[in-house]
Participant: 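Please see the structure below; I have some questions.
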2 protein chains.
Amino acid sequence: MTQAPGTRRDIPDATVARLPVYLRALRALTAAGIDVVSSEDLAQAAGVRSTGLRKDLSHLGSYGVRGVGYDVARLSDEIARELGLQHDWAVAIVGMGNLGHALAAYSGFATRGFKVRWLVDEDPEVIGTVIAGLTVIGFDELAMVAGDGLIAVIATPPTAAQDVADQMTRMGVRSILNFAPCVLQVPEGVEVRKVDLATELQILAFHEQRGRDEDDDAARLGVHAARVAEAAR
Amino acid sequence: MTQAPGTRRDIPDATVARLPVYLRALRALTAAGIDVVSSEDLAQAAGVRSTGLRKDLSHLGSYGVRGVGYDVARLSDEIARELGLQHDWAVAIVGMGNLGHALAAYSGFATRGFKVRWLVDEDPEVIGTVIAGLTVIGFDELAMVAGDGLIAVIATPPTAAQDVADQMTRMGVRSILNFAPCVLQVPEGVEVRKVDLATELQILAFHEQRGRDEDDDAARLGVHAARVAEAAR
DNA sequence: AGGTCTTTGTGAACGCGCGCACAAAGTCGC
DNA sequence: GCGACTTTGTGCGCGCGTTCACAAAGACCT
Ligand SMILES: NC(=O)c1ccc[n+]([C@@H]2O[C@H](COP(=O)([O-])OP(=O)(O)OC[C@H]3O[C@@H](n4cnc5c(N)ncnc54)[C@H](O)[C@@H]3O)[C@@H](O)[C@H]2O)c1
Ligand SMILES: NC(=O)c1ccc[n+]([C@@H]2O[C@H](COP(=O)([O-])OP(=O)(O)OC[C@H]3O[C@@H](n4cnc5c(N)ncnc54)[C@H](O)[C@@H]3O)[C@@H](O)[C@H]2O)c1
């Protein structure tokens with residue numbers, strides 16, 4: 001590695017998006033009692049090519065041992081550090097409907113560096129109720145307690161999402177995960193990631209149809225070939 | 001357009017991933033009573049650049065009118081056709097826990113070309129119960145009724161996901177949306193898309209930390225500059 | 001009917017990310 | 001200790017996607 005400690009490294013977005021997958025695979029290896037892994041095996045577990053994995057890891061320094069592989073614990077720590085997961089991040093879920101309930105009850109956040117700390121809604125009927133051990137609060141209350149580095153999850157209807165995003169950014173939130181199927185306008189410096197299930201299904205539908213059309217083509221070509229053969233004799 | 005009707009067009013993956021967003025924006029315009037839109041305005045609504053939007057649309061043919069813009073209804077139809085949304089697609093949700101319940105109750109699928117037709121679980125306690133108007137069934141029952149073009153949504157714990165995927169592919173499913181945080185191995189020709197919330201949050205955490213570090217750097221540089229200034233006088 | 005003006009569609013340049021090939025480095029056997 | 005073997009780290013080329021610049025096409029005004 002030619003990287004001085006403490007120096008800012010610019011890691012490609014594509015690599016950053018894969019680091020969580022590597023981290024998950026590494027945790028699974030730890031749980032299985034494996035403490036050294038080759039790039040080939042780890043790549044297999046993460047569903048990528050080994051050469052790509054090595055290039056990704058090279059961006060955070062050279063923590064592998066040639067002829068041996070990577071120390072699972074060491075690499076886990078390095079990736080976690082790079083992702084900023086030494087400490088838990090506080091999460092606020094906004095919109096406690098069907099989806100908000102499921103998210104509040106989800107145990108997968110706590111094991112991966114996040115603590116759902118606030119549940120927020122607008123409906124006076126919902127505010128004050130207890131969900132998964134947390135009392136639902138309103139925006140005014142959140143504005144008073146929200147600290148730096150809070151991550152907001154928007155699970156309101158799309159009609160309310162922009163308004164919610166505006167309020168969150170006003171109180172200093174710079175990271176938003178949006179489940180509402182709509183485009184959010186946010187100020188410079190605020191990062192939005194979206195999860196859109198219907199969009200995912202529509203992409204699947206496109207390929208499903210394409211596969212079906214290709215089958216049709218194959219059938220047509222088969223018929224055509226048969227006709228040619230018939231005409232030829 | 002230099003494209004003969006009925007010819008297979010190869011549309012870039014990146015474009016396919018954006019078509020659903022355009023379609024959603026177009027539907028909103030229809031609802032607002034707008035029937036002609038410029039690439040500039042549509043791009044704004046979709047959160048992309050107008051030049052990129054036009055290039056995307058050019059892949060499906062030239063349906064715009066120069067000097068005017070695009071006919072909203074016409075373009076909606078063309079995109080829906082391209083995505084294979086003339087008819088609804090049947091969806092089976094596997095794993096009726098917290099997330100499965102929320103998905104089954106979600107109204108956003110029906111309005112965007114999908115019909116949740118089967119709810120599947122393994123637990124005998126859950127099989128036979130009615131959720132959102134549908135009776136939960138087991139795999140054996142699904143295998144008997146599942147038709148061609150079925151899209152499977154996996155909402156089971158990650159430990160069960162691979163097994164579920166195997167069973168689904170065996171019964172001919174070629175499109176899977178996976179919510180379990182794990183990598184799925186599937187045969188050639190089967191398309192898997194994954195939704196991993198913890199991964200999304202970790203990507204946000206990375207940028208959040210990076211922003212924080214940059215603030216630190218700015219502060220440090222400020223201190224440094226002050227010291228330099230002090231030393232200079 | 002002709003001119004102007006708006007907006008589309010596309011060729012070309014650019015940058016990024018992926019895959020390949022290979023050298024460097026370190027381990028293990030003898 | 002030395003050689004063979006394993007596995008990492010990286011320079012390079014290629015293909016894809018995004019952006020830019022501009023010409024073509026049609027509407028609208030006079
Ligand atoms: N349910 C799902 O499985 C699912 C799946 C994908 C996407 N989504 C999307 O997630 C969002 C939530 O879905 P849902 O099914 O939970 O909806 P829901 O109607 O059940 O719940 C919405 C909640 O948001 C609250 N809310 C409304 N406006 C608010 C505001 N301004 N501030 C704070 N809270 C507000 C409401 O009081 C309600 O509790 C929707 O945008 C939906 O499209 C849901
Ligand atoms: N709850 C959330 O908000 C949330 C968010 C993100 C991801 N996830 C992921 O989604 C998945 C489901 O989460 P959940 O909270 O609903 O879990 P859950 O434990 O509440 O429900 C899991 C359900 O799957 C069923 N199941 C288990 N094995 C099965 C099998 N082999 N075949 C069919 N059904 C089977 C169980 O009977 C149960 O009903 C998990 O992988 C979780 O990590 C959940």
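The figures that follow rest on heavy atoms only: side chains count, while hydrogens, waters and symmetry mates do not. Residue numbering restarts at 1 for every chain, and letters A, B, ... go by the order of the sequence lines. Predicted model only: the values in this text are computed from it and were never measured.
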Participant: Between B:Ser175 and B:Glu191, is there a side-chain donor-acceptor contact under 3.5 Å, judged purely by atom types and distance?
Facilitator: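 B:Glu191 vs B:Ser175: no donor-acceptor pair found between side chains.
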Participant: Please test A:Leu19 against B:Gln202 for side-chain contact (heavy atoms from CB on, under 4.5 Å), starting from the C-alpha separation and ending with a verdict.
Facilitator: CA-CA 9 Å; A:Leu19 290 180; B:Gln202 288 178 346; over 6 Å; no
Participant: If you check the B:Arg18 side chain, which of C:dG17, D:dT18, C:dT7 turns out closest?
Facilitator: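 My answer, after comparing the listed nucleotides, is D:dT18.
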Participant: Taking any heavy-atom pair under 4.0 Å as a contact, classify A:Ser58: base, sugar-phosphate, or nothing.
Facilitator: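 Counting heavy atoms under 4.0 Å across all strands, the contact made by A:Ser58 is with sugar-phosphate only.
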Participant: Looking only at side-chain atoms of B:Asp13, point me to the closest of C:dG19, D:dA25, D:dG17.
Facilitator: D:dG17
Participant: Taking the side chain of A:Val65 as its heavy atoms from C-beta onward, which of C:dG26, C:dG9, D:dC20 lies nearest to it?
Facilitator: C:dG26
Participant: Between A:Glu40 (CD) and D:dT8 (C1'), how many Å, whole number?
Facilitator: 12 Å
Participant: Is any NZ, NE, NH1 or NH2 atom of the basic residue among A:Arg210 and B:Asp10 found under 4.0 Å from an Asp or Glu carboxylate oxygen of the other?
Facilitator: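 Not counted as a salt bridge, because no side-chain N and carboxylate O are separated by less than 4.0 Å.
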Participant: Could you tell me how far apart A:Asp10 (CG) and C:dG17 (C1') are, to the nearest whole angstrom?
Facilitator: 14 Å
Participant: C:dC18 C1' sits how many Å from A:Ile11 CD1, rounded?
Facilitator: 18 Å
Participant: C:dG19, C:dG17, C:dG26: which one has an atom nearest the side-chain heavy atoms of A:Arg49?
Facilitator: C:dG19
Participant: Rounded to whole angstroms, how far apart are CG on A:Leu75 and P on D:dT7?
Facilitator: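 In whole Å, D:dT7 P and A:Leu75 CG are 16 Å from each other.
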Participant: Starting from P on D:dG26, measure out to CG on B:Asp71 and report it in whole angstrom.
Facilitator: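 So the CG-P distance, B:Asp71 to D:dG26, works out to 16 Å.
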Participant: If I take atom OH in residue B:Tyr63 and atom P in nucleotide D:dA25, what distance separates them, rounded to the nearest angstrom?
Facilitator: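 The distance from OH of B:Tyr63 to P of D:dA25 comes to 19 Å, rounded to the nearest Å.
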Participant: Which is true for A:Gly52 with a 4.0 Å heavy-atom rule: it touches a base, it touches only sugar-phosphate, or it touches nothing?
Facilitator: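 It contacts nothing in the nucleic acid.
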Participant: How about A:Leu42 and A:Val72: do any of their side-chain heavy atoms sit closer than 4.5 Å?
Facilitator: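 A side-chain contact is absent here, since even the closest heavy-atom pair is not under 4.5 Å.
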Participant: So that I can tick it off, tell me whether B:Arg117 and B:Asp88 are bridged by a salt bridge, with the cut-off set at under 4.0 angstrom between side-chain N and carboxylate O.
Facilitator: no
Participant: OP1 or OP2 of D:dG9 less than 4.0 angstrom from a side-chain nitrogen or oxygen of A:Ser62, does that happen here?
Facilitator: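 For A:Ser62, the contact criterion (side-chain N or O under 4.0 Å from OP1 or OP2 of D:dG9) is met.
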Participant: Please pick, from C:dT10, C:dG17, D:dG9, the nucleotide with the shortest atom-to-atom distance to any side-chain atom of B:Arg54.
Facilitator: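 Nearest listed nucleotide: C:dT10.
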Participant: Is B:Arg66 side chain donor-acceptor paired with the C:dT8 base, going by distance under 3.5 Å alone?
Facilitator: yes
Participant: Using heavy-atom distances to pick each residue's nearest nucleotide on DNA chain C, tell me which of B:Val37 and A:Ala14 is more 5'.
Facilitator: B:Val37
Participant: Can you tell me whether the side chain of B:Lys55 and the base of D:dT19 have a donor-acceptor pair closer than 3.5 Å?
Facilitator: yes
Participant: How would you label the contact of B:Ser39 with the nucleic acid (heavy atoms, under 4.0 Å): base, sugar-phosphate, or nothing?
Facilitator: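 Here B:Ser39 touches the backbone only, sparing every base.
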Participant: Can you tell me how far P of C:dT8 sits from CD of B:Glu78, to the nearest Å?
Facilitator: 17 Å
